Amino acid sequence: MTVTDQDPTEHADQPDDDVHNNNGGGAAGRRAPDGERATRADSTETWDDGLIARRVAETAEGDRFPMTDNRSAAPPTVTPLVYDGSLRSRLEALRELVGLSRTRLDSRTLSGAGRVLDEASARRRLSGQHTVVAIAGATGSGKSQLFNALAGVTISETGVRRPTTAAPIACSWSDGAAGLIERLGIPPRLRRRPLPTGDGESPLRGLVLVDLPDHDSAAVQHRRHVDRILGLVDAVIWVVDPEKYADAVLHERYLRPMAAHAEVMFVVLNQVDRLPGEAAEQVLDDLRRLLDEDGIALGEYGEPGTTVLALSALTGDGVGELREALGQFVSERGAANRRISADVDIAAARLWPVYATQRRTGLSEQAREEFSDQLADAVGATAAGEAAERAWLRNANRACGTPWLRLWRWYQDRGEPTTGRLPSRTQADEEATARQRVEQAVRTVADRASAGLPAPWAQAVREAAVRGSQGLPEALDELTARAGVPAGRPPRPGWWPVAVLIQACMTILQFLGGLWLLGQIIGVMAPNLGVPVLLMVIGIVGGPLIEWSCRLAARGPARRYGLEAERRLREAAAGCGRARVLDPVAAELLRYQEVREQFGRVVGAGR
């Protein structure tokens, strides 16, 4: 139901002359002297409501109905309202939902749910033995006449002047409703009690009936009264007449938005005495059709929904049926629960776009792995592993290669110009490319994590990813320096010394064979070409053969060394990305899952 901010100046107690002016009092509205007013206030214990009071005195032949007596020495005990278990669970879930969402959603989005919680808390502290029912209607619909008919005495002024009801008037059938009436902002001078029936307890005991100003009044203050009080009462009786029952303002501004409150609404077609023959049934059927188009469930065939009746407050035809239905409604003591439950339904419906999604949300393992792979590519984990493998092979070749080949490579390295060995891309270019890769990886994972989420939560996920990505390239560079290939030579396997010793033996054989041949040439040694030549051949052939064998044997360890270096870099990059990006994103997704569960409790418990 519509809730409008209350203007405290509209409901403050006014002096009697203000009331007379509001009711068109003419001479009766002239201000009395201060002394006379004080004497009148002290000399009577009955209420005096100006023009209305005098008209009641004239029409009721001196019988007066009392105002609510707030001077009782022993105020009645008020039993607070107790919500049923389902509604308590939904309210607790809604409160958790609002608390978890305050930092993610704007206050305007949560304002409706906050008002529902505030009103539910305020209503729970007040009487649970009373049901507050407002009578609302358009100008000339006869709602004040119906109000008087239900009370059994003229309480609210009726007449041809419009608007007749300038301020809401409350009538309570039992004690203990003062808090409820004060919550509506109705001052004591506008609180009434019906005359005792004298036939035992009234069937309307526990009812607080409020006559509202016209909802289509030209006075803005009257419409504010209606909108404010409709947001606070437990139930509403809408009074329509044969001329305005299809009024667009009534249906579009009030009935259609209040469709969820069907179980706490009565729609009464008044003034049926003006309709000839079967016209009343036809108008009533058309009214039911319009209510159905408004989405209001009708309480027909024992189903819960709005009660639709036809009556004439003037002749009393059908008033007894309404009084009986109202008495049954009040005796159930469930209107406040149903009203608050409908308010929760409306709040949940308004929050549906910011919580509900039809897709499965979250980050899959594949998305996490792809993000880690992208970060590993950005830091060059694969290239670092390959470089480590080549370094290991190069070290093995140097250790196990022939001295002549190593000498030749040293000569080549020394003879190559330095300008030709510069990389084609500068370090700044590589850093820029790496930064772009990191940014692209963050955008990709943020888009995947936010896919399918409602807009506020998708935005929160993306913002968490962006915050985490700040400083990520620098952190990755630092990790690369710490977790990259260790400085110095790679570790040597156990067979390297043996290979180096055999290679040295091959070199020694070459030297021995050469010296032997040299000795034979200069005549120092006896001629014998076979043995020295054989030694030289063994050394010359054996050295490259051993180097080739060592190279084959070194491929496995070199590969494992490179993979280990790549693994360290990948794990370091993945850990950094997880701590800075994935964990904050996962925290946002977890928060969304929590609020989604609470939203499910709010919605599911009411279905």
Side-chain angles (χ1 to χ4, degrees), residues 1-2 133-151 156-160 162-165 168-169 209-219 222-223 225-227 229-230 233 235-300 305-326 329:
M1 297 183 183
T2 307
V133 181
I135 298 184
T139 303
S141 61
K143 54 184 177 56
S144 296
Q145 198 171 44
L146 178 61
F147 181 84
N148 294 333
L150 290 174
S156 185
E157 180 187 4
T158 62
V160 296
R162 300 289 182 261
T164 301
T165 306
I169 300 175
L209 198 61
V210 181
D211 185 18
L212 298 180
D214 304 330
H215 69 75
D216 59 350
S217 173
H222 296 178
R223 297 198 301 270
H225 279 310
V226 173
D227 294 342
I229 293 179
L230 284 180
V233 297
V236 183
I237 299 176
W238 288 102
V239 181
V240 298
D241 61 82
E243 295 179 356
K244 296 183 179 180
Y245 74 92
D247 181 45
V249 174
L250 171 65
H251 289 270
E252 294 177 6
R253 184 177 179 184
Y254 293 103
L255 294 181
R256 196 167 300 165
M258 293 171 57
H261 298 86
E263 295 186 35
V264 291
M265 285 199 305
F266 295 78
V267 178
V268 174
L269 177 62
N270 192 18
Q271 303 175 7
V272 294
D273 56 297
R274 298 167 50 190
L275 298 174
E278 298 180 355
E281 288 297 329
Q282 294 175 358
V283 173
L284 195 62
D285 290 342
D286 193 47
L287 175 59
R288 290 193 178 97
R289 178 187 62 81
L290 292 174
L291 294 176
D292 184 68
E293 292 178 357
D294 292 334
I296 298 177
L298 303 181
E300 299 176 331
T306 298
T307 301
V308 182
L309 298 172
L311 53 81
S312 173
L314 180 62
T315 64
D317 185 20
V319 175
E321 184 180 358
L322 174 61
R323 184 181 288 108
E324 181 180 354
L326 199 57
F329 181 79

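The shown structure was predicted, so the numbers you read here are calculated from the model rather than taken from an experiment.
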Quick check: do [X] and [Y] have side-chain heavy atoms less than 4.5 Å from each other?
{"X": "Leu298", "Y": "Arg288", "value": "yes"}
{"X": "Val268", "Y": "Ile135", "value": "no"}
{"X": "Ile237", "Y": "Leu326", "value": "yes"}
{"X": "Met258", "Y": "Val236", "value": "yes"}
{"X": "Leu146", "Y": "Leu311", "value": "yes"}
{"X": "Leu150", "Y": "Arg323", "value": "yes"}

Check your understanding: Taking Lys143 as the fixed residue, which of Asp214, Asn270, Asn148 is the one that meets the side-chain hydrogen bond (donor to acceptor under 3.5 Å, both in side chains) rule?
Key ->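 Of all the options given, the one that passes is Asp214.
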When rounded to the nearest 0.5 angstrom, what is the spacing between [atom1] in [X] and [atom2] in [Y]?
{"X": "Glu263", "Y": "Thr307", "atom1": "CD", "atom2": "OG1", "value": "10.0 Å"}
{"X": "Asp285", "Y": "Leu269", "atom1": "CG", "atom2": "CG", "value": "10.5 Å"}
{"X": "Leu287", "Y": "Gln282", "atom1": "CG", "atom2": "CD", "value": "13.5 Å"}
{"X": "Gln145", "Y": "Gln271", "atom1": "CD", "atom2": "CD", "value": "7.5 Å"}
{"X": "Phe266", "Y": "Leu309", "atom1": "CZ", "atom2": "CG", "value": "7.5 Å"}

If you measure from the Lys or Arg side-chain nitrogens to the Asp or Glu carboxylate oxygens, is any gap between [X] and [Y] under 4.0 Å?
{"X": "Arg274", "Y": "Asp241", "value": "no"}
{"X": "Arg253", "Y": "Asp227", "value": "yes"}
{"X": "Asp286", "Y": "Arg289", "value": "yes"}

Check your understanding: Is it the case that more than 12 heavy atoms not belonging to Glu293 sit under 6.0 Å from its CD atom?
Key ->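 Yes - once you tally the heavy atoms of other residues, nucleotides and ligands closer than 6.0 Å, there are more than 12.
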Closest contact, heavy atoms only, [X] versus [Y]:
{"X": "Ala259", "Y": "Ile296", "result": "CA-CG1, 3.9 Å"}
{"X": "Ala149", "Y": "Ala313", "result": "CB-O, 4.4 Å"}
{"X": "Ser312", "Y": "Val272", "result": "N-CG2, 4.0 Å"}
{"X": "Pro213", "Y": "His225", "result": "CG-CB, 4.0 Å"}
{"X": "Ala297", "Y": "Ala262", "result": "O-CB, 3.6 Å"}

Point to revise | Asp211-Ser144 side chain donor-acceptor pair, cut-off 3.5 Å | key: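 A donor-acceptor contact under 3.5 Å links the two side chains.
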Review point. Between Tyr254 and Trp238, how do the two ring planes meet: parallel, tilted or perpendicular, split at 30° and 60°?
Key: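 Answer is tilted, since the angle falls between 30° and 60°.
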Point to revise | Test side chain to side chain contact (heavy atoms under 4.5 Å, CB included) applied to Leu250 and Leu290, Asp294, Leu255, Asp216, the passing residue | key: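 That would be Leu255; it is the only one of Leu290, Asp294, Leu255, Asp216 passing the side chain to side chain contact (heavy atoms under 4.5 Å, CB included) with Leu250.
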Review point. Is there a donor-acceptor pair under 3.5 Å between the side chain of Lys244 and the backbone N or O of Gly137?
Key: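 It does not hold such a pair.
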Point to revise | side-chain contact (heavy atoms from CB on, under 4.5 Å) between Leu212 and Leu230, intermediate numbers included | key: CA-CA 9 Å; Leu212 298 180; Leu230 284 180; 4.0 Å; yes
